[in-house]
Amino acid sequence: MGIKNLHKLLRKWENVIQERNIQDFAGKKIAIDISILVYQIVIAIRNTGTDLVNTNGDITSHLLGIFNKTISMLEKGIYPVYVFDGKPPNMKNSILKSRREQRKKAKLKMKQADNKEDKIKYFKRSVVVTKKQLNECSQLIQLMGIPVVNAPQEADSQCAQLAKDGLVYGVSTEDMDILTFGSPRIIRNLSSKKKEIIQIDLEKILKKLELNYLQFIDLCILLGCDYCTTIPGIGMKKAYQLIKQFGSIETFIESLNETDIKKEYENLNKSLVPENYNYRNTSNYFQNPIVKDSKQINLQWTEPDYDKILEFMVSQFGFNKSKIQKGIARLRRAYNSLNKNNKQIPHYIC
DNA sequence: ACTCTGATTCGAGACGCG
DNA sequence: TGAATCAGAGT
DNA sequence: CGCGTCC
């Protein structure tokens, strides 16, 4: 997932990757790709080798994680927007297929594992987050008064669109291709207790690397993304070098017809452009993914329905009542102080 | 020396009790 | 699933 | 703080 080595490449420039404190995001609206978050949560809870399961045998880890995470974000003064995936685009088929195979392999290895450590390792790797689980998350989130956006295709590109149109300040994700989709900024490790929070602004990248947005997309395609193969022999260094020299993948490939350039590059690294190298479609997709129009989206944070949350978590999913009540108390406090601060600062940005 | 590539390893939640 | 790091190979 | 529990 994401753009291969983009983070590593960006480290070569000063001040492109910025360290941030959680307080910097107080009062800000942040879009969150929920499926990645749920995966992280469920995998993390698998540390012990089991899922949280209710009396029906259904997994409940995702609900606990989303419940806690949402409360803690509100306590920090952050306004989260959760974005759900729709149908994956065809271009992603090959990636999805290989992931399914990976999971299959992991399941097999889990069964074959003879020690506990390995069993847990492959147990984690074979995580599948179901539609049903995501629907349950959506219900809980809405009971908590948090807005939900259902993307027609990928949550990624929808998050980027929200940020581009100024409906949110930025996108919290680990996936660097949010920037390729044109989000003005990415926020990594936002809710991590161990890792430093990092912010990367698209404008800073373009300025420091001296690229325009289209060239940045081409750079990402050369580095390697989910939608397109790469050119063998071209890694971090050459990708950047080629974009700087030729201005685009298109021009680079055209230049290969000129014998001297062709010789230069073939002698240098035997790099060959693969058959069916669909960099054009990929670039188009990054520029114009299928997303919901921001004009049709009205983000609103409303008072949580505390009673229904209790009913949902305790009666329906078997969580411990007093624990959920504690959470709800925190939620109530967070919501009230959020509202208060909001009134004091009428023109908070995103 | 530089760059790409592949293998490997680790860690990814939140809480509270003792 | 990725990200960081290391070893190895190719130029 | 480390470790086990949460369901």
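The sequence lines fix the lettering, A, B, ..., with proteins before strands; numbering per chain opens at 1. Please read all numbers here as calculations on a predicted model, not as lab measurements.
Looking at heavy-atom distances under 4.0 Å, A:Tyr39 makes no contact with the nucleic acid at all. Looking at heavy-atom distances under 4.0 Å, A:Glu174 makes contact with sugar-phosphate atoms alone, never a base. A:Thr48 comes within 4.0 angstrom of a base, heavy atoms only.
Geometric assessment of A:Lys28 against the ring of A:Tyr169 yields a positive cation-pi assignment under the 6.0 Å and 45° thresholds. A:Arg20 forms no cation-pi arrangement with A:Phe25, by the criterion of a distance under 6.0 Å to the ring centre and an angle within 45° of the ring axis.
In this structure, A:Lys97 has no salt bridge (charged side-chain N to carboxylate O under 4.0 Å, His left out) partners at least two apart in sequence or on a different chain.
Salt bridge status for A:Lys105 with A:Glu101: absent, with no side-chain N to carboxylate O gap under 4.0 Å.
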- Task: Given side-chain hydrogen bond (donor to acceptor under 3.5 Å, both in side chains), test A:Asn54 with A:Thr60 step by step and report yes or no.
- Result: CA-CA 7 Å; A:Asn54 68 10; A:Thr60 56; over 6 Å; no

- Item | side-chain hydrogen bond (donor to acceptor under 3.5 Å, both in side chains) assessment of A:Tyr82 paired with A:Ser138 | CA-CA 8 Å; A:Tyr82 288 106; A:Ser138 178; over 6 Å; no

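The same atom, P, is picked in D:dG2 and in B:dA12; the two are 14 Å apart, to the nearest Å. Across the C1' atoms, D:dC6 and B:dT8 are found 32 Å apart, a figure rounded to whole Å. For the P atom pair drawn from C:dG2 and B:dC15, the interatomic distance equals 27 Å after rounding to whole Å.
For C:dT1, the OP1/OP2 oxygens have no side-chain nitrogen or oxygen of A:Arg125 closer than 4.0 Å.
Residues of residues 321-333 of chain A having a heavy atom closer than 4.0 Å to DNA chain B, listed by number: A:Arg330. Remark: nothing in residues 134-159 of chain A comes within less than 4.0 Å of DNA chain D through any heavy atom. For DNA chain D, the neighbouring residues in residues 56-78 of chain A, judged by any heavy atom under 4.0 Å, are A:Thr60, A:Leu64. For the contact set between residues 182-197 of chain A and DNA chain D, defined by any heavy atom under 4.0 Å, there are no members.
For A:Lys124 and A:Lys4, each mapped to the nucleotide of DNA chain B holding its nearest heavy atom, the one lying further toward the 5' end belongs to A:Lys4.
Looking at A:Cys225 and A:Thr282, their side chains come closer than 4.5 Å, going by heavy atoms from C-beta outward. Looking only at side-chain heavy atoms (C-beta outward), A:Val171 and A:Ile32 stay at 4.5 Å or farther from each other.
No chain of hydrophobic side-chain contacts below 4.5 Å, direct or via other Ile, Leu, Val, Met, Phe, Trp or Tyr residues, connects A:Tyr39 to A:Phe123.
Side chain to side chain, A:Glu75 and A:Ser72 fail the donor-acceptor criterion of an N or O pair below 3.5 Å.
Looking at A:Ser157, its side chain does come within 3.5 Å of a backbone N or O of A:Glu154 through a donor-acceptor pair.
In the set D:dC7, C:dT1, C:dA4, the nucleotide with an atom closest to the side chain of A:Arg99 is C:dT1.
To the nearest angstrom, P of D:dC6 lies 15 Å from CE of A:Met313.
Annotation for A:Leu96: atom CG counts as buried by contact number, over 12 foreign heavy atoms lying within 6.0 Å.
A nucleotide of DNA chain B counts as in contact with chain A when one of its atoms lies under 4.0 Å from a heavy atom; the first and last such, 5' to 3', are B:dT3 to B:dC15.
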